[in-house]
Student: 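Following this message is one structure expressed as structure tokens.
Lettering of chains follows the sequences in order, A, B, ..., and the numbering in each one begins at 1. These numbers come from a predicted model, not from an experiment.
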There are 2 protein chains.
Amino acid sequence: MHAIAIHGGAGTLSSAQLTPESDRAYRAALEAAVRAGFEVLDKGGSSRDAVTVAVQVLEDDPLFNAGRGSVLSANGLHELDASIMDGRDLAAGAVTGVRNVRNPVLLARLVMERSAHVMLAGEGAEEFALRQGLEPVANSHFTTERRQRELELLLEGKKAAGREALMGTVGAVALDSHGNVAAATSTGGMTGKKWGRIGDSPIIGAGTYAANDCCAVSATGHGEFFIRAIVAHEIAALMRYKELDVVQAADEVVMQQLVRMGGSGGVIAVGRDGRIAMPFNSEGMLRAAMDSRGLFVTGLLRD
Amino acid sequence: MHAIAIHGGAGTLSSAQLTPESDRAYRAALEAAVRAGFEVLDKGGSSRDAVTVAVQVLEDDPLFNAGRGSVLSANGLHELDASIMDGRDLAAGAVTGVRNVRNPVLLARLVMERSAHVMLAGEGAEEFALRQGLEPVANSHFTTERRQRELELLLEGKKAAGREALMGTVGAVALDSHGNVAAATSTGGMTGKKWGRIGDSPIIGAGTYAANDCCAVSATGHGEFFIRAIVAHEIAALMRYKELDVVQAADEVVMQQLVRMGGSGGVIAVGRDGRIAMPFNSEGMLRAAMDSRGLFVTGLLRD
């Protein structure tokens, strides 16, 4: 049994905005990413590799708020966050506030595999990236016309920092045929971000968590609420100690706890048994899943 | 019933290093901090205020690796982290990598109370501090001769980045007479810190967690392990879902889970019932506790 699920953010679009063309474009992009990850699993590869590849595809696609296509901070720069965790040994890596790393998820993975640390920030993280041989890119590599327009509108006060600005993220969770789960998350943060704000995406336990005894989780939503609810680890704890299954645990956190707090968004999660949960309490969550029993789904809004 | 516990770091000293003079100095400093926090509680004040005051006293004391007396990063600068959480409403605030904020715990609290965010980093966090009227201090404000010598020895290769370098932190947890718990943690990080490394102290869920339905926790130890084990929130989850009491839950995480992973350090925790737990798996943990039933203890090494 192997399985993978991915997300491309929650609250990114509403039914009013979704044209048949953008519907097709999002589904095609999600399918490309989920297939890339699934192929790794299908060849007997690790969940660690599968989530890395899937997130890398999403980072490279300008449709999503991660890597290329990321939103712009108030200072006109892209400041990117990412994290990864391997459920086999609870190894983890994360980076925050990087500006010149093409694929933040790859840097998070290098932090996990080649440093004594879990989390590196800003210029220090860039320095580590150089040492590891990652070729730097200009910050403008990440820029798209759409994101520039969004920042301009926000700074002119013509657009509120609404859900779209807050909840763009990408992520992946996987179970491989060796029984190991892994999770990864990557984001450009929020449009017009100030003060070096860090959301839940690079926070192990909040945006990303994986442990072989229960599940792997990647979250997307209003990051402040997701940090305060320690969303990813809370789902794991409900499985471990309250003996909920992955669907019940993810539902309890996303549809009950977060709703009570006022935190909108969703998660993707895969249990150690390969079951997939993709609950969200927002209008939409870009998502896709595949497993070795023939499951293949993509979704944008509520079914 | 009200109660408070504080810590001044784990692994900061070994029995071989502890002279009668330093024993007295540490105990006096711990007593001053725990009494300052307890006084707030005794007057009917909030746990939020009590942990803020106690941590501020520890930050201002050059004996501890937080605020004044913080260790130096490899770049010769102090880069400070802090976090705070209020169990009443799960409000939280954190800062990482600040260089010119006298009391990082106060800035974390301002992030919690006066921003829409939970976590701010680096220069952005400094900018927010200025806006909030915190008078900046020169980075040299934090410097002591002892920490300069430690960095020099480390850079000359004459001293390994051992436990002392890794595990200096201060923190406080409290239950107030209104039934609200809170936790706060502050650190100068690790001597010779590179690459913008972030430890567990500013990570909500790892170094700091508080929720009225179970407990408040502040951790100190080898931060990378504490992040991967989501220590503070794991203790809360064991109380919530496995119905352990605060002593059992803190023991399970510190003496079992962390030991299995190889992560040394400890935590202080207070349950909603006012019971205090202060387990550590390292040689020592600077600690003190007081409650309204007359408890008063200070401790440095194992009893």
Student: To the closest 0.5 Å, what do you measure between CG (B:Asp200) and CD1 (A:Ile204)?
Tutor: 13.0 Å
Student: If you tally heavy-atom pairs under 4.5 Å against chain B, which of A:Lys194, A:His117, A:Glu127 wins?
Tutor: A:His117
Student: State whether the side chain of A:Arg197 and the backbone N or O of B:Leu120 hold a donor-acceptor pair below 3.5 Å, judged by distance alone.
Tutor: no
Student: Where does B:Ile203 contact chain A at under 4.5 Å (heavy atoms): side chain, backbone, both or neither?
Tutor: side chain
Student: Rounded to the nearest 0.5 Å, how far does CH2 of B:Trp195 lie from CG of A:Leu130?
Tutor: 12.0 Å
Student: Please identify, among A:Gly122, A:Gly199, A:Ala116, A:Ala206, the residue contributing the most non-hydrogen atom pairs under 4.5 Å to chain B.
Tutor: A:Ala116
Student: First locate atom CD1 of A:Ile198, then atom CD1 of B:Ile198, and finally report the distance between them rounded to the nearest 0.5 Å.
Tutor: 5.0 Å
Student: So which part of B:Thr96 gets closer than 4.5 Å to some heavy atom of chain A, the side chain, the backbone, both or neither?
Tutor: side chain
Student: Give me the atom names and distance for the closest heavy-atom approach of B:Val118 to A:Glu224.
Tutor: N-CG, 3.5 Å
Student: Just how far is it from atom CD1 of A:Ile227 to atom CE of B:Met119, taken to the nearest 0.5 Å?
Tutor: 7.0 Å
Student: Hey, is CD on A:Gln132 packed in by over 12 heavy atoms from elsewhere, all under 6.0 Å?
Tutor: yes
Student: At a heavy-atom separation under 4.5 Å, does A:Asn75 approach chain B through its side chain, its backbone, both, or neither?
Tutor: neither
Student: Do other residues, nucleotides or ligands put more than 12 heavy atoms under 6.0 Å from the CD atom of A:Gln248?
Tutor: yes
Student: Working to the nearest 0.5 angstrom, can you tell me the gap between B:Met112 CE and A:Arg228 CZ?
Tutor: 10.0 Å
Student: Using 4.0 Å as the upper bound for N to carboxylate O, is an ion pair formed by A:Arg240 and B:Glu234?
Tutor: yes
Student: Between atom OH of B:Tyr209 and atom NE2 of A:His233, what is the distance when rounded to the nearest 0.5 Å?
Tutor: 10.5 Å
